[in-house]
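Have a look at the structure below before the remarks.
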Number of protein chains: 8
Amino acid sequence: MEKNKIVQLLSKVRAGKISPEDAFQMLRHLPYEDLGFAKVDHHRLIRSGMPEVVFCQGKSLKHILAIFGSLEKENKTVLLTRADKKTFQAVRRLNRKAVYNELARTISLEDKKAKKEGKVGVVCAGSADIPAAEEAAVTAEIFGSRVERVYDVGVAGIHRLLDCFKRISDSHCIVVLAGMDGVLPSVIGGLASCPVIAVPTSVGYGANFNGIAPLLTMLNSCAPNVSVVNINNGFGAGYIAALINRMKNE
Amino acid sequence: MEKNKIVQLLSKVRAGKISPEDAFQMLRHLPYEDLGFAKVDHHRLIRSGMPEVVFCQGKSLKHILAIFGSLEKENKTVLLTRADKKTFQAVRRLNRKAVYNELARTISLEDKKAKKEGKVGVVCAGSADIPAAEEAAVTAEIFGSRVERVYDVGVAGIHRLLDCFKRISDSHCIVVLAGMDGVLPSVIGGLASCPVIAVPTSVGYGANFNGIAPLLTMLNSCAPNVSVVNINNGFGAGYIAALINRMKNE
Amino acid sequence: MEKNKIVQLLSKVRAGKISPEDAFQMLRHLPYEDLGFAKVDHHRLIRSGMPEVVFCQGKSLKHILAIFGSLEKENKTVLLTRADKKTFQAVRRLNRKAVYNELARTISLEDKKAKKEGKVGVVCAGSADIPAAEEAAVTAEIFGSRVERVYDVGVAGIHRLLDCFKRISDSHCIVVLAGMDGVLPSVIGGLASCPVIAVPTSVGYGANFNGIAPLLTMLNSCAPNVSVVNINNGFGAGYIAALINRMKNE
Amino acid sequence: MEKNKIVQLLSKVRAGKISPEDAFQMLRHLPYEDLGFAKVDHHRLIRSGMPEVVFCQGKSLKHILAIFGSLEKENKTVLLTRADKKTFQAVRRLNRKAVYNELARTISLEDKKAKKEGKVGVVCAGSADIPAAEEAAVTAEIFGSRVERVYDVGVAGIHRLLDCFKRISDSHCIVVLAGMDGVLPSVIGGLASCPVIAVPTSVGYGANFNGIAPLLTMLNSCAPNVSVVNINNGFGAGYIAALINRMKNE
Amino acid sequence: MEKNKIVQLLSKVRAGKISPEDAFQMLRHLPYEDLGFAKVDHHRLIRSGMPEVVFCQGKSLKHILAIFGSLEKENKTVLLTRADKKTFQAVRRLNRKAVYNELARTISLEDKKAKKEGKVGVVCAGSADIPAAEEAAVTAEIFGSRVERVYDVGVAGIHRLLDCFKRISDSHCIVVLAGMDGVLPSVIGGLASCPVIAVPTSVGYGANFNGIAPLLTMLNSCAPNVSVVNINNGFGAGYIAALINRMKNE
Amino acid sequence: MEKNKIVQLLSKVRAGKISPEDAFQMLRHLPYEDLGFAKVDHHRLIRSGMPEVVFCQGKSLKHILAIFGSLEKENKTVLLTRADKKTFQAVRRLNRKAVYNELARTISLEDKKAKKEGKVGVVCAGSADIPAAEEAAVTAEIFGSRVERVYDVGVAGIHRLLDCFKRISDSHCIVVLAGMDGVLPSVIGGLASCPVIAVPTSVGYGANFNGIAPLLTMLNSCAPNVSVVNINNGFGAGYIAALINRMKNE
Amino acid sequence: MEKNKIVQLLSKVRAGKISPEDAFQMLRHLPYEDLGFAKVDHHRLIRSGMPEVVFCQGKSLKHILAIFGSLEKENKTVLLTRADKKTFQAVRRLNRKAVYNELARTISLEDKKAKKEGKVGVVCAGSADIPAAEEAAVTAEIFGSRVERVYDVGVAGIHRLLDCFKRISDSHCIVVLAGMDGVLPSVIGGLASCPVIAVPTSVGYGANFNGIAPLLTMLNSCAPNVSVVNINNGFGAGYIAALINRMKNE
Amino acid sequence: MEKNKIVQLLSKVRAGKISPEDAFQMLRHLPYEDLGFAKVDHHRLIRSGMPEVVFCQGKSLKHILAIFGSLEKENKTVLLTRADKKTFQAVRRLNRKAVYNELARTISLEDKKAKKEGKVGVVCAGSADIPAAEEAAVTAEIFGSRVERVYDVGVAGIHRLLDCFKRISDSHCIVVLAGMDGVLPSVIGGLASCPVIAVPTSVGYGANFNGIAPLLTMLNSCAPNVSVVNINNGFGAGYIAALINRMKNE
């Protein structure tokens, strides 16, 4: 498209209809994204098939509905995160196919024909970590990954953890969520041979400081395959896990 | 310059020496800054006459000398900040005109013909704040401002401060540096009608935490004309003050 | 006025109606602001035409109405910040011309004849930063600046940002607001040749710590033209921007 | 009393009714406070005439009423701090003479005949600091001090502050309360020749961190006569001021 | 090996030389790692070809040499991180093939026949970040990745950054290191379609707090493909990047 | 049980029904806990007689009732901590013997025949610390300890504290809870010859920071017999005290 | 003096030698401190007899000698704090009467005829706190107080502390210094009826954070007569104690 | 001893040599520790056989030698912690039997006949934790415990850890030391049935913050049998472990 515009311009230069000097001025004022570089960017989105994502927290309902309305026209897959029930009910009125995951607080439109491939493990330490874990799991699924959930396995029962680990030991990426002491990603990191994305959660009390304690634990993990995202950022972890998982499958 | 390159290319298109399609590919791979937008950027530097600045701290002497060598060829004015005496001696061997301000830890080449205009006040609370204050003052001067220094006026002697203030009450911008409790910018901010750039210094002990105490004091200043830069960042404050001062003079 | 009082007093001394000793005692007990220094201060207010500003948060409605009542008698322009709707309704009953900006949470009386001059850019990263951005924009406008708003441009879409930047590249001062990672002022600072006032907002979650993360990002900005105000302090940023913008225009 | 018990015991030793060894055992098991030292302690309370104080926050109403009931029997003066209106209404039912200071959130029984002596200054920066200021003022008054209140004087209007200061320049102790940047105690400390007790308040927003900013400012004050109490601790400041003020008067 | 032991034991059971009950007791007391699970673990190491890594900082030279001595016997590839020159000289005496990267502070033995595959980008903001960047690059190389280095590109010169980005836009994983404001990973994250591993460095001063500022910036990044490792942890980032890069190539 | 499975397998090997190689593969895939080690683990629980404990905070009522239902079938003693009244009413409907301690927020089923032995002291500084103190006391009792409560003894009344201390000076372990300045454990630690478990509580205001102040005080205690648990963690302290107390009695 | 100047000016007005208008201009430009208010200020210094104090840390030797030289001409008493031995040797060459207290790091000139009056207690917890304690003691002495030192009494040996306390129980003010857990001021505060000035010291390790732990302990002290100065600020504490002590004696 | 003094006094009363009133006065002024309560205290030391301990860090060599000299006269067992080699050489000159543990930085005199009983486990994660671990181990040994050391077992190699754990699973108390992420005590706590004393060490870098990260991890441990001491406080942990271990053995 834009290429065409530029080639047409150059053709006019060749034909002597526009002087080189004028053409230079026109080139200079073309929007940046009309040039090749930006096109690559658009190709990337098309190629990757990443659905559009809307972070709802702190946005007005009106704002969310407007964005959703514009997205659903051009995308088979749309993901809304941090969405409450009221938002879902309003979105539902716009599109009957919207699905709500109450634990994950996500609303999604999904292309039923899209395949889930590869394997992403999602592990969490306590039942209070499940909302963030579901956010990660739903995100990884929407982005095309097959997900194996292993919830509520603490380090206190190390034998149970070792047993559960077998279910995810062949994952291409493992998301590990933990609040309290945030110890689980270090242990999983020691067992796994794939990248581990650690998500500190704000579960805990006292010297937990709403997730600072597990955040620091995870940043200091002795396991070299652990990287960390923001407190409660299940979405980011699921997104990165899906990116990694896809590499294996391409 | 780059304009010329592009116009030449377009001229070749016009002359039929290059096809529009080929010209498009060449345009696409030109470095971005060859296009109009980047030129504006270069124009900005030329227009503003801002000298090149090198932050020496943490750079090797070899590295600094190489940068200086390349800068002095094309600029009449060069500023090196956070430079120690050893660096100066080496720079001096390259260029006899380099001047060292030991307090400010700056090395400068200056265009003797450039005028100092307008007025920037530089105020500091204690004699230990003088290195950062001098860095601010030298920077503002190099960038073309006339600077009035008012050093070592604390809030404890409020009458002396009020008296000294008269010397800078007609400044276009005032840089205020303070360590310890960082109270001075709030008081100067209440007296002045121009913008005040507050610089917390790391002077202090105990619960000063190397400048955190005055940093917080300044960020919470009740005077609405106070904005803040990083701890000990005399350079940044002097640079911004010069930008503001210049506006008045243009 | 006060000058008159003092000259009258001196005239009485001359006329022998008051002894020098008594006159000295009377001079000594005159309120400080009657003396020359304070008059300069009053002249400053008159000269600058700065409207009076009231920070409503934490003040009782009764208190606010009393201040407003006394201000509106002597000023054509009054600004109330951090005001809720209930406050507006009460203020409205006092003065029909009071205008409420719900996003900015400001109430204002404005001199319709006052011109907006120069150019201040107000840029924010996300839609949740808009309340603070509007506070900055309304403040700069009330203080006589023409304001160009560029909202909701994140660093993630760098091409869109570059494009939008053209609209404000000729500003005399740019206010940049951002929560989350607070990256936007560094990028705008690199593009702009004028001073940039950075406002961290409390938008974010987890390791954002209610604005500490973007505050630190901004204080450490590599762009030397960036100074910072308190978290969410749109008013302060707008005020400083107006001060700088006016310089250009005087 | 206890002295009597011990002398009686020793008399029995003398009379040969109790062996030295047995007397030693009995001495050993006497409660500690029966010995001289503890008595001095009781004398101190009697001598100082300090009324009993109850910190209500976090205590149940039932608990507060029980303590108050036991105190009012033996004391003419009782002070309850951090008390809400509901608590006052219940206390009032027990004792009609109880007085509530809504701003200070104190309930007090006072000995009308007790004189207020000396002079304690209580200064605060903004109207939002008044609750803590009133707590300090009421406490100092209940403990026998004459109090001069100077409220709502900020550093931004330094001339007004200098003027107001004259009203308290002859105080024996000055309590200074400030939130935001916490600058006021440093300025008052520079002007005053008596001890200054600084009280950071939690008034402010953003990088104020609920009073940490003014707390640090005050701890780092350059004025050597400033000492600091906990955030919002008006009671402690008023208590210490009264202790110091009394010294002057004794 | 261990498999052999167990099969031999089972063969003895089959041969009737050991009763099932006795065999059970012997199985129970075998070291855990003799059992299948641990072998899988060993298989993982063999399969992944990950060289052994020694973190030298804080270890005695004697200790390091002992570990190195034992590793070099069984591995073609060995990596020592955070190693000073003195350590290298001692290691060199043990093995002439040891190579020192002074910037990265790494000592390595490398299998010359091992291929470098795929593509990992390593980008850093300033020249002071290069030591951590080199640690990341050397690690990724030792672990089999082809690495493209892009050093010293700041956000202040956005056009240069966009230009440089083209060299790494086809990476399978990008490691981005930055100190100061830590802004670079957010910008690269917005441009890249692959996972980005962000490494805060301790480069900076004042409110940088030895890397806390960029750490928080990166944890709060708006780009969803950014995860973070510890301050200055170039090794960890290079390791994870190599893990991800390998997936693409397998 | 599992032992039987393995012995059966070995018997089949002996009988030649399964080859050693196949038996090895089957052994390898047996769940880990089927092996001896895990059984020891079960023995430990049986031996210690520790009741099952459920931390209710953050769990749904449905979830809590399900866990309680499964526990009460196999245990005479069950402890639920951080339980509100509503939870108790629901639990009560399941089991009439459930007892609620409103202060401690615990629900418990207790084996009436179990003896309380030894002696654990539970001391707290203020009446606002009592909820955490009761949680510690109830936990220690449920775990078989005789508990002596000494509540509301502050350091301000040192003589009363010394007197009260006599009641617990023969404890085998003392739990000390304090908010505000957290001074009490240091004083008790200096007096006691047994281990002291210090529990910071979130009681306080201002620079207390919800328990950080007493937490730091306790971690820095000069008394060498003091160790610390998380803020408000009465349960943990009571549990450890019971473990220590039991040692004395075994 | 200045009064004379003004009366002379007024006399000239009366004599018709200067017009009222001209006199007004001259009055306006008189330095502020010439007016009555500032004189009061000078009277304060004369009345209080406070010696001049110089904080040496961070000042150059040259700077210190110049200040000392100017002070010793007009003052019998001069105090230099945070002075090292080298500074003393240089000062000694200027004035043979200068005395060095190596522990306190103070240099002083003292008026041998000045009486020490009243009583100030200086108590510290450990022998490592003695430098700050001596700074406080020397300061209080120089400022005219009789000082009773009680060093190295920890809370761990509560009986020894109670015994030592008798020596200072009749002080007018007590300075209490402690590092580690900072518990001592709370205990002394509970025993004493006079104001207590608490000085946190940076003595300790680990979670002491160079004095933050005792600082927080002291700010949260339950004893209402405790106020706090900066970490290691022995000078400030000694100064305030002397101010309070003097009140008693006047 | 003191008992003798008091009984002698009482004998004199009996003999009529001293009146009961005079005896009372003498009793009252006897040092507190002469009275019964303090004796109990001495009895405790005698009964417990705890050797005297001196913390050398920050004390002058002269001071240390004086204390050691006085202790060695009356004690068979003396422990000096945080002692450097120079201190040892000086102590050695006083007493040939003094033994130095270079890793633990302890100097000790030991009663060779004292038995080591029970069992204390000392576990550490990395070799850099060994100094603190040895301090704990030496302390526990000096205080009469048999110690089993398990060093350098990280969570990354969970199978090796499980294996090593068997050596200490029958301990009466386990001291666990870890820096970096501080994960080890949570894992050991989950495996052990005895109390676990967790010691965060300052081993680590970046977001470890000299031990804050493992400190927080340990305070938030999900294992209920874990309590925590200060960063690097091996002595405290060893002391508490010995106290607990002794209980089992008495």
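So that the names make sense, note that chain A is the first sequence line, chain B the second, and so on, each numbered from 1. Note that the structure is predicted; figures quoted are calculated from it, not measured.
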Closest approach of [X] and [Y], non-hydrogen atoms and distance?
| X | Y | result |
| --- | --- | --- |
| B:Ser193 | C:Leu243 | O-CD2, 3.5 Å |
| B:Ile240 | C:Pro195 | CG2-CB, 4.5 Å |
| B:Val228 | C:Leu219 | O-CD2, 4.3 Å |

Inset, instruction - Using non-hydrogen atoms and a 4.5 Å limit, figure out which bit of C:Phe235 sits close to chain B: side chain, backbone, both or neither. - result: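 Side chain only.
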Inset, instruction - Go through B:Asn225, B:Val196, B:Ile197 and name the one with the most non-hydrogen pairs under 4.5 angstrom from chain C. - result: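 Option with the greatest count: B:Asn225.
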Inset, instruction - Would you check if C:Cys173 and B:Met247 make a side-chain contact, meaning some heavy-atom pair closer than 4.5 Å? - result: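 In short, these two side chains do not touch, never coming nearer than 4.5 Å.
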Inset, instruction - Could you have a look at C:Asn230, C:Leu215, C:Ile231 and say which one has the most heavy-atom pairs with chain B under 4.5 angstrom? - result: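 Most heavy-atom pairs under 4.5 Å with chain B: C:Asn230.
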Legend entry - Which residues share a salt bridge (Lys or Arg N to Asp or Glu O under 4.0 Å) with C:Glu141, sequence neighbours left out: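 Counting only residues at least two positions away or on another chain, C:Glu141 forms a salt bridge (Lys or Arg N to Asp or Glu O under 4.0 Å) with C:Arg149.
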Inset, instruction - Could I get the full list of salt bridge (Lys or Arg N to Asp or Glu O under 4.0 Å) partners for C:Asp111, not counting sequence neighbours? - result: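 Testing C:Asp111 for salt bridge (Lys or Arg N to Asp or Glu O under 4.0 Å), a comparison that skips the adjacent residues, returns none.
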Legend entry - B:Leu216 versus chain C, the contacting section by heavy-atom distance below 4.5 Å: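 Neither part, no heavy atoms under 4.5 Å.
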Inset, instruction - Working to the nearest 0.5 Å, report the span between OH of B:Tyr239 and OG of C:Ser227. - result: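 It comes to 12.5 Å.
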